[in-house]
There are 2 protein chains.
Amino acid sequence: MKLTTKGRYAVTAMLDLSLHYGEGPITLADIAQRQGISLSYLEQLFSRLRKKSLVASVRGPGGGYSLGRGADEIFVGEVISAVDENIDTTRCNGAHNCQNNERCLTHDLWSDLSNQIYGYLNKISLQDLMDRQAVREVADRQDHPDKEQSGLDVSLVDGSGDLAGA
Amino acid sequence: MKLTTKGRYAVTAMLDLSLHYGEGPITLADIAQRQGISLSYLEQLFSRLRKKSLVASVRGPGGGYSLGRGADEIFVGEVISAVDENIDTTRCNGAHNCQNNERCLTHDLWSDLSNQIYGYLNKISLQDLMDRQAVREVADRQDHPDKEQSGLDVSLVDGSGDLAGA
DNA sequence: ACATTCCCAAGCAAATTAGTCAAGATTATC
DNA sequence: GATAATCTTGACTAATTTGCTTGGGAATGT
(Lines give C-alpha, C1' and ligand atoms only; values in the text may rest on other atoms or scores of the structure.)
Protein backbone atom coordinates (compact mmCIF):
# COMPACT_ATOMS: atom_id res chain seq x y z
CA MET A 1 0.00 0.00 0.00
CA LYS A 2 1.04 3.51 -0.69
CA LEU A 3 -0.15 6.82 0.65
CA THR A 4 1.55 9.51 -1.39
CA THR A 5 0.78 12.79 -3.08
CA LYS A 6 -0.60 10.86 -6.03
CA GLY A 7 -3.50 9.61 -3.98
CA ARG A 8 -3.77 13.01 -2.34
CA TYR A 9 -4.14 14.66 -5.72
CA ALA A 10 -6.84 12.22 -6.67
CA VAL A 11 -8.79 12.75 -3.47
CA THR A 12 -8.38 16.50 -3.71
CA ALA A 13 -9.73 16.48 -7.25
CA MET A 14 -12.62 14.23 -6.33
CA LEU A 15 -13.45 16.47 -3.41
CA ASP A 16 -13.40 19.48 -5.72
CA LEU A 17 -15.79 17.60 -7.98
CA SER A 18 -18.08 16.88 -5.04
CA LEU A 19 -18.07 20.48 -3.89
CA HIS A 20 -19.21 21.66 -7.29
CA TYR A 21 -21.84 19.02 -7.73
CA GLY A 22 -25.01 20.42 -9.26
CA GLU A 23 -23.17 22.84 -11.50
CA GLY A 24 -23.16 20.35 -14.37
CA PRO A 25 -20.01 18.68 -15.63
CA ILE A 26 -16.80 20.18 -14.24
CA THR A 27 -13.83 20.56 -16.59
CA LEU A 28 -10.42 19.35 -15.60
CA ALA A 29 -9.14 22.81 -16.47
CA ASP A 30 -11.27 24.23 -13.68
CA ILE A 31 -10.01 21.68 -11.18
CA ALA A 32 -6.45 22.18 -12.32
CA GLN A 33 -6.71 25.90 -11.71
CA ARG A 34 -8.56 25.71 -8.41
CA GLN A 35 -6.37 23.00 -6.91
CA GLY A 36 -3.07 23.91 -8.54
CA ILE A 37 -2.57 20.55 -10.21
CA SER A 38 -1.17 20.05 -13.71
CA LEU A 39 -3.95 19.53 -16.24
CA SER A 40 -2.24 16.64 -18.00
CA TYR A 41 -1.49 14.95 -14.74
CA LEU A 42 -5.15 15.25 -13.81
CA GLU A 43 -6.05 13.66 -17.12
CA GLN A 44 -3.99 10.64 -16.27
CA LEU A 45 -5.49 10.35 -12.83
CA PHE A 46 -9.03 10.75 -14.15
CA SER A 47 -8.41 8.12 -16.77
CA ARG A 48 -7.97 5.66 -13.93
CA LEU A 49 -10.82 7.06 -11.91
CA ARG A 50 -13.09 6.64 -14.91
CA LYS A 51 -12.07 3.03 -15.42
CA LYS A 52 -13.20 2.36 -11.87
CA SER A 53 -16.45 4.23 -12.53
CA LEU A 54 -15.66 6.74 -9.82
CA VAL A 55 -16.31 9.56 -12.28
CA ALA A 56 -18.42 9.92 -15.40
CA SER A 57 -17.37 12.04 -18.34
CA VAL A 58 -19.13 14.15 -20.94
CA ARG A 59 -17.21 15.17 -24.02
CA GLY A 60 -17.41 18.29 -26.08
CA PRO A 61 -18.10 21.89 -25.14
CA GLY A 62 -19.93 22.18 -21.86
CA GLY A 63 -18.64 18.73 -21.03
CA GLY A 64 -16.46 17.65 -18.16
CA TYR A 65 -16.53 15.21 -15.28
CA SER A 66 -19.01 14.45 -12.59
CA LEU A 67 -19.09 11.94 -9.75
CA GLY A 68 -19.88 8.41 -10.79
CA ARG A 69 -22.07 7.97 -7.71
CA GLY A 70 -23.32 10.05 -4.84
CA ALA A 71 -20.65 11.73 -2.71
CA ASP A 72 -21.81 9.60 0.20
CA GLU A 73 -21.13 6.46 -1.81
CA ILE A 74 -17.55 7.22 -2.82
CA PHE A 75 -14.89 6.53 -0.24
CA VAL A 76 -11.38 7.83 0.13
CA GLY A 77 -9.91 4.35 0.03
CA GLU A 78 -11.49 3.65 -3.34
CA VAL A 79 -10.02 6.79 -4.82
CA ILE A 80 -6.54 5.96 -3.58
CA SER A 81 -6.80 2.38 -4.79
CA ALA A 82 -7.88 3.57 -8.22
CA VAL A 83 -4.79 5.67 -8.87
CA ASP A 84 -2.19 3.61 -6.99
CA GLU A 85 -2.29 0.59 -9.21
CA ASN A 86 -0.03 -1.82 -7.39
CA ILE A 87 -1.83 -2.25 -4.12
CA ASP A 88 0.56 -4.82 -2.79
CA THR A 89 4.18 -4.80 -3.84
CA THR A 90 5.43 -7.57 -1.66
CA ARG A 91 7.94 -9.88 -3.20
CA CYS A 92 5.33 -12.44 -2.35
CA ASN A 93 2.64 -10.76 -4.45
CA GLY A 94 -0.16 -12.73 -2.91
CA ALA A 95 1.63 -16.03 -3.18
CA HIS A 96 3.41 -17.42 -0.16
CA ASN A 97 6.80 -17.85 -1.74
CA CYS A 98 8.44 -14.59 -0.72
CA GLN A 99 11.50 -16.26 0.70
CA ASN A 100 12.97 -19.54 -0.51
CA ASN A 101 9.57 -20.55 -1.81
CA GLU A 102 8.16 -20.16 1.67
CA ARG A 103 6.23 -17.46 3.44
CA CYS A 104 8.32 -14.61 4.80
CA LEU A 105 8.10 -13.48 8.38
CA THR A 106 5.77 -10.56 7.91
CA HIS A 107 3.89 -11.70 4.83
CA ASP A 108 0.41 -11.79 6.27
CA LEU A 109 1.14 -8.94 8.63
CA TRP A 110 1.49 -6.46 5.81
CA SER A 111 -1.35 -7.61 3.65
CA ASP A 112 -3.64 -7.64 6.67
CA LEU A 113 -2.37 -4.28 7.81
CA SER A 114 -3.02 -2.90 4.36
CA ASN A 115 -6.53 -4.27 4.46
CA GLN A 116 -7.15 -2.73 7.87
CA ILE A 117 -6.03 0.69 6.75
CA TYR A 118 -8.08 0.50 3.60
CA GLY A 119 -10.97 -0.55 5.74
CA TYR A 120 -10.58 2.64 7.67
CA LEU A 121 -10.20 4.80 4.59
CA ASN A 122 -13.20 3.11 3.05
CA LYS A 123 -15.36 4.45 5.83
CA ILE A 124 -14.62 8.09 4.98
CA SER A 125 -16.81 9.27 2.12
CA LEU A 126 -16.42 12.40 0.08
CA GLN A 127 -19.60 13.59 1.72
CA ASP A 128 -17.94 13.22 5.13
CA LEU A 129 -15.10 15.42 3.95
CA MET A 130 -17.46 18.02 2.56
CA ASP A 131 -19.30 18.20 5.86
CA ARG A 132 -16.20 19.39 7.62
CA GLN A 133 -15.98 23.06 8.37
CA ALA A 134 -12.39 23.69 7.28
CA VAL A 135 -12.99 22.12 3.88
CA ARG A 136 -15.93 24.38 3.24
CA GLU A 137 -13.89 27.43 4.20
CA VAL A 138 -11.12 26.58 1.80
CA ALA A 139 -13.58 25.73 -0.93
CA ASP A 140 -15.28 29.07 -0.44
CA ARG A 141 -11.98 30.89 -0.77
CA GLN A 142 -11.18 28.97 -3.93
CA ASP A 143 -14.50 29.92 -5.46
CA HIS A 144 -14.18 33.58 -4.45
CA PRO A 145 -10.48 34.39 -4.60
CA ASP A 146 -11.03 38.10 -3.90
CA LYS A 147 -12.62 38.02 -0.47
CA GLU A 148 -10.62 38.03 2.71
CA GLN A 149 -10.99 34.91 4.79
CA SER A 150 -11.18 34.34 8.51
CA GLY A 151 -8.12 32.82 10.09
CA LEU A 152 -9.96 29.86 11.52
CA ASP A 153 -7.97 26.64 11.66
CA VAL A 154 -10.31 23.84 12.54
CA SER A 155 -9.01 20.30 12.57
CA LEU A 156 -10.54 18.05 9.98
CA VAL A 157 -10.63 15.06 12.24
CA ASP A 158 -13.21 14.84 14.95
CA GLY A 159 -14.05 12.09 17.34
CA SER A 160 -16.52 10.32 15.09
CA GLY A 161 -13.85 9.50 12.56
CA ASP A 162 -11.33 8.23 15.04
CA LEU A 163 -9.19 5.44 13.68
CA ALA A 164 -8.95 3.78 17.03
CA GLY A 165 -12.67 3.43 17.30
CA ALA A 166 -14.97 4.35 20.16
CA MET B 1 3.31 9.09 5.13
CA LYS B 2 4.60 6.12 3.29
CA LEU B 3 4.02 2.44 3.72
CA THR B 4 6.44 0.65 1.43
CA THR B 5 8.83 -2.26 1.40
CA LYS B 6 11.40 -0.09 3.09
CA GLY B 7 9.35 0.02 6.25
CA ARG B 8 8.47 -3.62 5.78
CA TYR B 9 12.12 -4.57 5.70
CA ALA B 10 12.75 -2.60 8.85
CA VAL B 11 9.87 -4.19 10.73
CA THR B 12 10.83 -7.65 9.51
CA ALA B 13 14.38 -7.16 10.71
CA MET B 14 13.24 -5.80 14.06
CA LEU B 15 10.91 -8.74 14.45
CA ASP B 16 13.77 -11.10 13.70
CA LEU B 17 15.76 -9.34 16.36
CA SER B 18 12.93 -9.75 18.84
CA LEU B 19 12.54 -13.44 18.07
CA HIS B 20 16.19 -14.07 18.84
CA TYR B 21 16.25 -11.99 21.97
CA GLY B 22 18.25 -13.67 24.71
CA GLU B 23 20.82 -15.10 22.32
CA GLY B 24 23.10 -12.12 22.78
CA PRO B 25 23.77 -9.60 20.04
CA ILE B 26 22.50 -10.66 16.62
CA THR B 27 24.64 -9.90 13.58
CA LEU B 28 23.20 -8.24 10.55
CA ALA B 29 24.66 -11.08 8.52
CA ASP B 30 22.35 -13.49 10.36
CA ILE B 31 19.32 -11.33 9.76
CA ALA B 32 20.27 -10.82 6.14
CA GLN B 33 20.44 -14.55 5.59
CA ARG B 34 17.32 -15.46 7.52
CA GLN B 35 15.13 -12.75 6.04
CA GLY B 36 16.67 -12.59 2.59
CA ILE B 37 17.58 -8.92 2.76
CA SER B 38 20.79 -7.43 1.40
CA LEU B 39 23.36 -6.96 4.16
CA SER B 40 24.41 -3.50 3.07
CA TYR B 41 20.82 -2.40 2.79
CA LEU B 42 20.22 -3.62 6.31
CA GLU B 43 23.21 -1.59 7.43
CA GLN B 44 21.60 1.55 6.11
CA LEU B 45 18.31 0.78 7.77
CA PHE B 46 19.94 -0.07 11.09
CA SER B 47 21.92 3.15 10.99
CA ARG B 48 18.62 4.97 11.20
CA LEU B 49 17.14 2.60 13.74
CA ARG B 50 20.15 3.16 15.93
CA LYS B 51 19.84 6.94 15.72
CA LYS B 52 16.32 6.58 17.07
CA SER B 53 17.59 4.25 19.84
CA LEU B 54 15.37 1.45 18.59
CA VAL B 55 18.40 -0.84 18.52
CA ALA B 56 21.67 -0.97 20.43
CA SER B 57 24.91 -2.12 18.85
CA VAL B 58 28.00 -3.97 20.08
CA ARG B 59 31.10 -3.91 17.94
CA GLY B 60 33.72 -6.49 17.41
CA PRO B 61 33.58 -10.26 17.29
CA GLY B 62 30.54 -11.61 19.08
CA GLY B 63 28.94 -8.22 18.58
CA GLY B 64 25.78 -7.34 16.74
CA TYR B 65 22.50 -5.64 17.41
CA SER B 66 19.89 -6.01 20.08
CA LEU B 67 16.61 -4.25 20.77
CA GLY B 68 16.95 -0.82 22.29
CA ARG B 69 14.02 -1.51 24.62
CA GLY B 70 11.72 -4.37 25.44
CA ALA B 71 9.79 -5.88 22.55
CA ASP B 72 6.60 -4.71 24.22
CA GLU B 73 7.86 -1.13 24.19
CA ILE B 74 8.74 -0.90 20.50
CA PHE B 75 5.89 -0.23 18.12
CA VAL B 76 5.55 -0.84 14.43
CA GLY B 77 4.83 2.82 13.76
CA GLU B 78 8.09 3.89 15.36
CA VAL B 79 10.07 1.52 13.20
CA ILE B 80 8.44 2.76 10.02
CA SER B 81 8.92 6.37 11.03
CA ALA B 82 12.59 5.75 11.73
CA VAL B 83 13.41 4.55 8.22
CA ASP B 84 10.98 6.66 6.21
CA GLU B 85 12.49 10.00 6.95
CA ASN B 86 10.06 12.39 5.34
CA ILE B 87 6.89 11.71 7.25
CA ASP B 88 4.88 14.36 5.50
CA THR B 89 5.64 15.25 1.91
CA THR B 90 2.85 17.69 1.34
CA ARG B 91 3.71 20.70 -0.71
CA CYS B 92 2.52 22.48 2.39
CA ASN B 93 5.10 20.79 4.60
CA GLY B 94 3.38 21.76 7.79
CA ALA B 95 2.86 25.35 6.75
CA HIS B 96 -0.48 26.37 5.37
CA ASN B 97 0.76 27.80 2.12
CA CYS B 98 0.34 24.81 -0.16
CA GLN B 99 -1.61 26.70 -2.76
CA ASN B 100 -1.18 30.39 -3.52
CA ASN B 101 0.10 30.92 0.00
CA GLU B 102 -3.13 29.53 1.36
CA ARG B 103 -4.19 26.21 2.70
CA CYS B 104 -5.06 23.60 0.10
CA LEU B 105 -8.33 21.73 0.17
CA THR B 106 -7.11 18.56 1.81
CA HIS B 107 -4.20 19.92 3.82
CA ASP B 108 -5.40 18.98 7.26
CA LEU B 109 -7.13 15.88 6.01
CA TRP B 110 -3.88 14.21 5.07
CA SER B 111 -1.83 15.20 8.03
CA ASP B 112 -4.62 14.10 10.33
CA LEU B 113 -5.08 10.88 8.41
CA SER B 114 -1.38 10.22 8.70
CA ASN B 115 -1.56 10.78 12.42
CA GLN B 116 -4.50 8.42 12.74
CA ILE B 117 -2.76 5.64 10.90
CA TYR B 118 0.40 6.10 12.89
CA GLY B 119 -1.73 6.05 15.98
CA TYR B 120 -2.95 2.64 14.96
CA LEU B 121 0.48 1.33 14.05
CA ASN B 122 1.84 2.68 17.29
CA LYS B 123 -0.45 0.35 19.18
CA ILE B 124 1.09 -2.78 17.66
CA SER B 125 4.28 -3.75 19.46
CA LEU B 126 6.90 -6.22 18.33
CA GLN B 127 5.75 -8.37 21.22
CA ASP B 128 2.23 -8.40 19.77
CA LEU B 129 3.62 -9.65 16.49
CA MET B 130 5.69 -12.33 18.17
CA ASP B 131 2.64 -13.59 20.01
CA ARG B 132 0.94 -14.46 16.76
CA GLN B 133 0.91 -18.07 15.77
CA ALA B 134 1.86 -17.70 12.11
CA VAL B 135 4.89 -15.61 12.95
CA ARG B 136 6.19 -18.24 15.31
CA GLU B 137 5.74 -20.93 12.69
CA VAL B 138 7.72 -19.02 10.11
CA ALA B 139 10.37 -18.14 12.64
CA ASP B 140 10.70 -21.80 13.57
CA ARG B 141 11.15 -22.78 9.95
CA GLN B 142 13.80 -20.09 9.51
CA ASP B 143 15.71 -21.36 12.50
CA HIS B 144 15.46 -24.99 11.43
CA PRO B 145 15.54 -24.99 7.63
CA ASP B 146 15.66 -28.77 7.41
CA LYS B 147 12.39 -29.78 9.06
CA GLU B 148 9.17 -30.08 7.17
CA GLN B 149 6.50 -27.62 8.25
CA SER B 150 2.77 -27.95 8.64
CA GLY B 151 0.68 -26.26 6.02
CA LEU B 152 -1.21 -24.08 8.46
CA ASP B 153 -2.11 -20.63 7.21
CA VAL B 154 -3.38 -18.62 10.13
CA SER B 155 -4.24 -14.98 9.62
CA LEU B 156 -2.07 -12.58 11.57
CA VAL B 157 -4.88 -10.22 12.36
CA ASP B 158 -7.38 -11.15 14.99
CA GLY B 159 -10.24 -9.22 16.49
CA SER B 160 -8.24 -7.55 19.22
CA GLY B 161 -6.13 -5.63 16.78
CA ASP B 162 -8.98 -4.45 14.63
CA LEU B 163 -8.33 -1.07 13.10
CA ALA B 164 -11.97 -0.12 13.28
CA GLY B 165 -12.12 -0.63 17.00
CA ALA B 166 -14.80 -2.36 19.02
C1' DA C 1 -16.91 24.30 -39.33
C1' DC C 2 -15.05 25.16 -35.07
C1' DA C 3 -13.94 25.51 -30.46
C1' DT C 4 -14.18 22.86 -26.45
C1' DT C 5 -13.60 19.18 -24.02
C1' DC C 6 -12.26 14.36 -23.02
C1' DC C 7 -8.92 10.69 -24.31
C1' DC C 8 -4.45 8.48 -25.02
C1' DA C 9 0.40 7.39 -25.61
C1' DA C 10 5.16 8.52 -25.60
C1' DG C 11 8.71 10.54 -23.31
C1' DC C 12 11.37 12.87 -19.50
C1' DA C 13 13.55 14.96 -15.24
C1' DA C 14 13.67 14.43 -10.41
C1' DA C 15 13.19 11.64 -6.53
C1' DT C 16 13.10 7.36 -4.21
C1' DT C 17 14.19 2.56 -3.58
C1' DA C 18 17.04 -1.19 -3.23
C1' DG C 19 21.32 -2.45 -3.55
C1' DT C 20 26.67 -2.57 -4.28
C1' DC C 21 31.25 -1.38 -3.17
C1' DA C 22 34.93 0.26 -0.52
C1' DA C 23 36.98 2.01 3.24
C1' DG C 24 37.30 2.58 7.94
C1' DA C 25 36.60 1.95 13.51
C1' DT C 26 36.08 -1.04 17.41
C1' DT C 27 36.98 -5.01 20.02
C1' DA C 28 37.22 -10.21 21.38
C1' DT C 29 40.29 -13.73 20.96
C1' DC C 30 44.43 -16.13 19.96
C1' DG D 1 49.93 -7.33 19.13
C1' DA D 2 47.95 -9.56 15.02
C1' DT D 3 43.81 -11.00 13.32
C1' DA D 4 39.25 -11.58 12.33
C1' DA D 5 34.59 -10.32 13.26
C1' DT D 6 31.56 -6.86 13.40
C1' DC D 7 29.63 -2.29 13.29
C1' DT D 8 29.96 2.42 10.78
C1' DT D 9 30.07 5.49 7.03
C1' DG D 10 29.98 7.34 2.49
C1' DA D 11 29.91 7.20 -2.33
C1' DC D 12 28.01 5.21 -6.15
C1' DT D 13 24.48 2.74 -9.28
C1' DA D 14 20.37 0.58 -11.51
C1' DA D 15 15.51 0.22 -11.48
C1' DT D 16 11.28 2.18 -10.43
C1' DT D 17 7.97 5.69 -9.41
C1' DT D 18 6.31 10.39 -9.48
C1' DG D 19 4.91 14.40 -11.43
C1' DC D 20 4.75 16.53 -15.54
C1' DT D 21 5.12 17.84 -20.72
C1' DT D 22 4.18 17.22 -25.47
C1' DG D 23 1.55 16.02 -29.15
C1' DG D 24 -1.73 14.12 -31.08
C1' DG D 25 -6.31 12.41 -31.53
C1' DA D 26 -11.96 11.68 -30.86
C1' DA D 27 -16.43 13.35 -29.60
C1' DT D 28 -19.80 16.95 -29.48
C1' DG D 29 -22.36 21.40 -28.55
C1' DT D 30 -22.95 25.80 -30.90
From [atom1] of [X] over to [atom2] of [N], roughly how many Å is that when rounded to an integer?
{"X": "B:L45", "N": "D:dC7", "atom1": "CG", "atom2": "C1'", "answer": "15 Å"}
{"X": "B:R8", "N": "C:dG19", "atom1": "CZ", "atom2": "P", "answer": "12 Å"}
{"X": "A:R48", "N": "C:dC6", "atom1": "CZ", "atom2": "P", "answer": "18 Å"}
{"X": "B:Y65", "N": "C:dT26", "atom1": "OH", "atom2": "P", "answer": "14 Å"}
{"X": "B:I31", "N": "D:dT6", "atom1": "CD1", "atom2": "P", "answer": "12 Å"}
{"X": "A:L28", "N": "C:dC8", "atom1": "CG", "atom2": "C1'", "answer": "13 Å"}

Is there side-chain contact between [X] and [Y], with heavy atoms separated by less than 4.5 Å?
{"X": "B:M14", "Y": "B:L67", "value": "yes"}
{"X": "A:V11", "Y": "A:L129", "value": "yes"}
{"X": "A:K52", "Y": "A:V79", "value": "no"}
{"X": "B:E43", "Y": "B:S40", "value": "yes"}
{"X": "A:R69", "Y": "A:L54", "value": "yes"}

Query raised in the report: When the ring planes of A:F46 and A:Y65 are compared, do they come out parallel, tilted or perpendicular, using 30° and 60° as the limits?
Result: tilted
For [X], answer base if it contacts any base atom (sugar-phosphate contacts may also be present), sugar-phosphate if it contacts only those atoms, and nothing otherwise; contact means non-hydrogen atoms under 4.0 Å.
{"X": "B:F46", "result": "nothing"}
{"X": "A:L42", "result": "nothing"}
{"X": "B:L39", "result": "nothing"}
{"X": "A:I26", "result": "sugar-phosphate"}

Which nucleotide wins on minimum distance to the side chain of [X], given the candidates [options]?
{"X": "B:S38", "options": "C:dG19, C:dC6, D:dC7", "answer": "C:dG19"}
{"X": "B:P61", "options": "C:dG19, D:dA4, C:dC6", "answer": "D:dA4"}
{"X": "A:Y9", "options": "C:dT5, D:dC20, C:dT20", "answer": "D:dC20"}
{"X": "B:R59", "options": "D:dC20, C:dC6, C:dT26", "answer": "C:dT26"}

Report task. Return no unless some side-chain N or O of A:Y41 is found under 4.0 Å from OP1 or OP2 of D:dT22. Result ->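 Answer is no, no contact under 4.0 Å.
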Query raised in the report: Is the shortest side-chain N/O distance from A:S57 to OP1 or OP2 of C:dC7 below 4.0 Å?
Result: yes
Query raised in the report: Between atom CG of A:L17 and atom CG of A:L28, what is the distance when rounded to the nearest 0.5 Å?
Result: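 Taking CG in A:L17 and CG in A:L28, the distance rounds to 8.5 Å.
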Between protein and nucleic acid, restricted to nucleotides 9-12 of chain D and to nitrogen or oxygen atoms under 3.5 Å apart, what atom pairs and distances do you find?
| unit_1 | atom_1 | unit_2 | atom_2 | d |
| --- | --- | --- | --- | --- |
| D:dT9 | OP2 | B:R50 | NH2 | 3.4 |
| D:dT9 | O4 | B:E43 | OE1 | 3.4 |

